Asks: 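Here you go, one structure.
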Amino acid sequence: MSGVAHIEMEDEETEKYASSQRNLGNGHNQESALQLFVNAKKKINDIFRNIGDYVKESDNFVQDLGTSVDCTSLITEESANVVKGFREKITGITEVLARDHMKVVFFGRTSNGKSTVINAMLRDKILPSGIGHTTHCFIQVEGSDSKEAFLLTDDTDKPKSITDIKQLASALSSVRLSENSLIRILWPKDRCRLLREDVVLLDSPGIDVTPDLDSWIDNFCLDADVFVLVANAESTLMQTEKKFFHKVSSRLSCPNIFILQNRWDVSEMEEDIDQVKQQHLEGNTNFLSNELKVTDKKSAKDRVFFVSAREALATRVNSDKGLATPDRVLLPGFQARLFEFANFEKEFEQCISHSAVQTKFEQHTKRAKEINSSLRKVMEEAYTKSLTQQDEQIQVRREKSSRLQQLDRQLDTLTSDMKVKIKTMVEDVERKVSVALNDEIRRLALLVEEYERPFHPDTVTLNVYKKGLHVFLEEHLCQNLTGRCSGPVLRNLIHAQTAFAEESLGRNLQVRCSSVVVQAVEATQTDMTERLSTILPEDLKPELMNLLPKRDFEIAYRLDCRNLCAGFKEDIEFRFSLSPTALLQKFLGRTSKISVGSSGDSQQPSPQPQGLPGLRRDTLQNLASNSDNELLVTVLTTFASLTSRSTLGAAVVVGLVARAAGWRVIIVTGALYGGLYAYERLTWTTKARERAFKQQYVEYASSKLRLIIDLTSSNCSHQVQQELTSTFARLCHQADNTKKQLEEEIREVDRGLSLLKELSSRAKTLRNKADFFDQELQAFVRQFLSHSGL
């Protein structure tokens with residue numbers, strides 16, 4: 001390689017190194033410490049956003065508890081109000097965090113270069129600057145997402161053009177604002193790194209132009225993270241400057257203060273520059289450490305910088321435009337001053353980032369931890385109480401289910417026993433009614449004898465007599481059966497209705513049968529009620545007693561004697577007892593002398609042989625049914641034929657007898673026979689006819705009543721069965737209502753358990769979320785606030 005080429009390479013490397021150093025001095029190629037605040041703000045906003053959702057969810061949970069009647073005891077009213085208050089507080093904190101930014105305030109005497117320093121940091125000529133008193137009010141520069149810059153003033157929200165800044169803020173303008181006014185410049189974030197990272201810079205008028213410094217501090221300094229005192233390197237710190245920062249230090253605890261010895265470029269014309277620099281350094285560090293006591297002396301040296309804002313601004317503006325800075329602008333040694341300015345920015349960014357994180361987020365983090373801890377206690381309490389209530393409700397459900405199962409078993413047992421008892425009683429009633437009816441049939445003759453209506457054989461009168469006898473018989477039979485098979489109370493009622501028969505045979509039947517059935521029915525009903533009351537709640541016993549019938553049980557006996565005896569045909573014609581027909585009947589066996597016909601079927605008497613009055617065809621038919629009597633039937637038929645032909649036949653018979661026995665015997669026998677005939681004929685009066693009528697009626701009615709014994713007894717037993725079954729059904733209906741009530745209570749307990757499980761799960765989830773957010777806050781503290789001792 002030739003020497004010329006080697007020299008060219010060395011020149012290129014030197015140029016690259018100088019360019020790199022110049023970029024560093026211009027603020028390029030350095031990592032930003034402001035990312036700490038940016039990351040912390042993003043993290044704490046995310047945490048608070050999640051905590052806000054968590055608080056809303058907790059508040060909704062508490063409101064759900066308040067609307068649920070069974071779950072109001074899970075949380076106290078005081079805790080509910082606390083949770084509701086947390087919702088409002090978290091919302092307020094979240095809004096504050098969204099607006100939080102890093103704020104740096106620049107103070108100094110008039111014309112010390114405060115605006116130029118801010119312009120240099122912003123890398124653009126934003127604020128008005130110049131010789132003399134330029135800035136007349138407070139100017140705050142903050143980032144905006146807008147593409148165009150604009151400004152806002154206190155008197156209106158209407159945006160104004162950025163070009164109006166010189167008229168509104170300049171001390172030389174005739175339309176300038178007052179000293180305590182604030183102009184907000186909203187500069188596009190994409191045009192400035194500091195603004196993009198939530199840094200707000202506040203320029204102030206010179207502290208030597210007004211004595212009202214306290215209002216400045218109150219209005220603009222209490223939320224500042226860093227104070228920058230821009231001093232003039234051509235003089236020492238003035239009492240005005242010191243007085244102001246003493247006020248700041250008294251109002252704020254350990255404020256972060258940087259001192260910039262601006263215009264240090266003029267020091268290049270001094271011969272004892274090092275001694276001057278040392279003098280400024282000692283005075284400034286002594287002011288920070290000994291007078292203000294905001295830091296120690298060693299750290300105070302890192303808060304004092306010797307810069308030239310003019311050179312930094314010119315260099316950065318030209319560098320961003322890709323132009324070289326003119327040599328006339330830069331004085332010898334400018335690179336050192338540019339590096340000093342870059343070091344100031346680095347230290348400033350680290351300080352403001354840590355300070356802002358602590359001042360903006362520390363108290364909010366503490367508050368979030370307190371809120372989270374309180375919510376966890378509330379959710380833990382609700383979760384614990386819900387578990388306790390679940391155990392109690394499970395026990396209640398177990399008891400109710402056991403009671404329901406026991407009630408089912410007892411009802412099944414009771415139903416089975418009652419069925420057996422009702423069946424036994426029904427059979428017993430059927431037997432008793434059957435026996436009582438048979439007894440009444442056997443006593444029917446006595447009952448008929450009690451019928452004392454006037455009797456006359458006339459057909460019309462006789463029909464009326466029969467109808468009255470039907471009614472009398474039915475009434476007295478029903479009375480007697482009722483008396484035997486019903487009850488004392490019913491017996492008295494019947495007595496009042498049928499006083500004319502109180503001496504009848506039914507009185508004895510009442511004693512024999514009445515009270516037994518009724519007492520058995522009442523005893524069975526009482527037993528049903530008592531046994532059922534033992535398995536039902538105590539408060540239902542009065543209702544069970546009310547379910548018993550209010551009326552006395554009454555058995556209805558439907559004998560219907562009118563229709564039953566409608567086919568009765570009496571035979572009250574005179575019949576000589578020693579007539580041949582009667583003798584023949586006595587010899588052959590007494591047969592029925594009445595016509596038996598079914599109900600509603602009218603049967604006429606069969607035609608009789610003339611010679612044998614009273615010997616009926618049905619008698620002969622009965623005899624003919626037996627093969628052993630065939631010969632006797634033939635003889636009787638022949639005899640009847642002979643005696644029915646003529647008087648000649650009768651004479652022949654008498655002659656034969658007279659010849660065999662003698663006329664004397666015949667005469668005596670005939671006289672006796674005639675006397676007996678005459679006696680019977682004379683005694684066949686109306687009374688005799690009535691007795692014959694009643695006898696025939698008793699025989700006919702007895703035969704008919706015996707046919708309905710089974711039907712009547714079954715009907716009575718069915719009535720008893722229906723009475724007991726209906727009573728038991730009403731009682732069981734009450735038991736069914738109790739079962740339904742228990743089942744509904746169990747379903748209600750199940751719904752409560754389901755709700756408690758849901759609320760318990762939600763409370764547990766919210767409690768676990770509180771643990772999660774506590775870990776998140778602890779991680780935030782370790783990452784960003786570990787120096788604060790949280």
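Owing to the predicted nature of the structure, the values given are computational and were not obtained by experimental measurement.
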Asks: Side-chain contact test, heavy atoms from C-beta onward, threshold under 4.5 Å: evaluate it for Leu759 versus Phe61 and give yes or no.
Replies: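 Yes, their side chains come closer than 4.5 Å.
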
Asks: In terms of side-chain heavy atoms, does Ser717 have a donor or acceptor partner in Glu427 at a distance below 3.5 Å?
Replies: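 The answer is no; no qualifying pair exists.
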
Asks: Can we say Glu744 and Arg751 salt-bridge, meaning some charged N sits less than 4.0 Å from an Asp/Glu carboxylate O?
Replies: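 Here Glu744 pairs with Arg751 in a salt bridge, since their nearest N and O are under 4.0 Å apart.
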
Asks: Kindly determine whether Leu407 and Arg403 satisfy side chain to side chain contact (heavy atoms under 4.5 Å, CB included), including the steps that lead there.
Replies: CA-CA 6 Å; Leu407 180 60; Arg403 183 180 172 189; 5.5 Å; no

Asks: Scan side-chain atoms only and decide if Ser401 and Arg397 contain a donor-acceptor pair under the 3.5 Å cut-off.
Replies: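 On atom types as modelled, these side chains qualify, holding a pair under 3.5 Å.
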
Asks: So do Lys421 and Leu724 actually touch side chain to side chain, heavy atoms under 4.5 Å?
Replies: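 Of all side-chain heavy-atom pairs linking Lys421 with Leu724, none is under 4.5 Å.
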
Asks: Is Ser761 reaching over with its side chain to a backbone N or O of Lys757, donor-acceptor style, under 3.5 angstrom?
Replies: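 No.
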
Asks: To the nearest 0.5 Å, what is the distance between CG (Leu753) and CD1 (Ile746)?
Replies: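 Answer for the CG-CD1 pair, Leu753 versus Ile746, is 11.5 Å.
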
Asks: Which residues pass the salt bridge (Lys or Arg N to Asp or Glu O under 4.0 Å) test with Lys400, not counting sequence neighbours?
Replies: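 Expected list: Glu745.
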
Asks: How would you list, by chain and number, every residue that makes a salt bridge (Lys or Arg N to Asp or Glu O under 4.0 Å) with Arg398, sequence neighbours excluded?
Replies: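 For Arg398, no residue satisfies salt bridge (Lys or Arg N to Asp or Glu O under 4.0 Å) once neighbours in sequence are set aside.
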
Asks: So how far is it from Cys732 SG to Lys739 NZ, rounded to the nearest 0.5 Å?
Replies: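 If I round to the nearest 0.5 Å, the distance is 9.5 Å.
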
Asks: Any donor-acceptor pair under 3.5 Å linking the side chain of Thr424 with the backbone of Val420?
Replies: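 Pair found, side chain donor or acceptor close to backbone of Val420.
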
Asks: Would you mind checking if Lys432 and Asp428 are paired as a salt bridge, meaning a charged N to carboxylate O distance below 4.0 Å?
Replies: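 Salt bridge between Asp428 and Lys432, a charged N being under 4.0 Å from a carboxylate O: yes.
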
Asks: Whether Glu381 and Lys385 form a salt bridge (side-chain N of Lys/Arg under 4.0 Å from carboxylate O of Asp/Glu) is what I want to check.
Replies: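 Here Lys385 pairs with Glu381 in a salt bridge, since their nearest N and O are under 4.0 Å apart.
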
Asks: Are any of the side-chain heavy atoms of Gln722 and His718 separated by less than 4.5 Å?
Replies: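 The answer is yes, as the side chains (C-beta and beyond) meet within the 4.5 Å cut-off.
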
Asks: Hey, could you give me the NZ/NZ distance between Lys419 and Lys423, rounded to the nearest 0.5 Å?
Replies: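 Reported value, rounded in 0.5 Å steps: 11.5 Å.
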
Asks: As an exercise, state the distance from CE of Met418 to CG of Leu411, rounded to the nearest 0.5 Å.
Replies: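 Spacing of CE (Met418) from CG (Leu411) equals 12.0 Å.
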
Asks: At what distance, to the nearest 0.5 angstrom, does OG of Ser386 lie from CD of Glu758?
Replies: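 These two atoms lie 11.5 Å from each other.
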
Asks: First locate atom CG of Leu742, then atom CD of Gln405, and finally report the distance between them rounded to the nearest 0.5 Å.
Replies: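 That separation rounds to 11.5 Å.
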
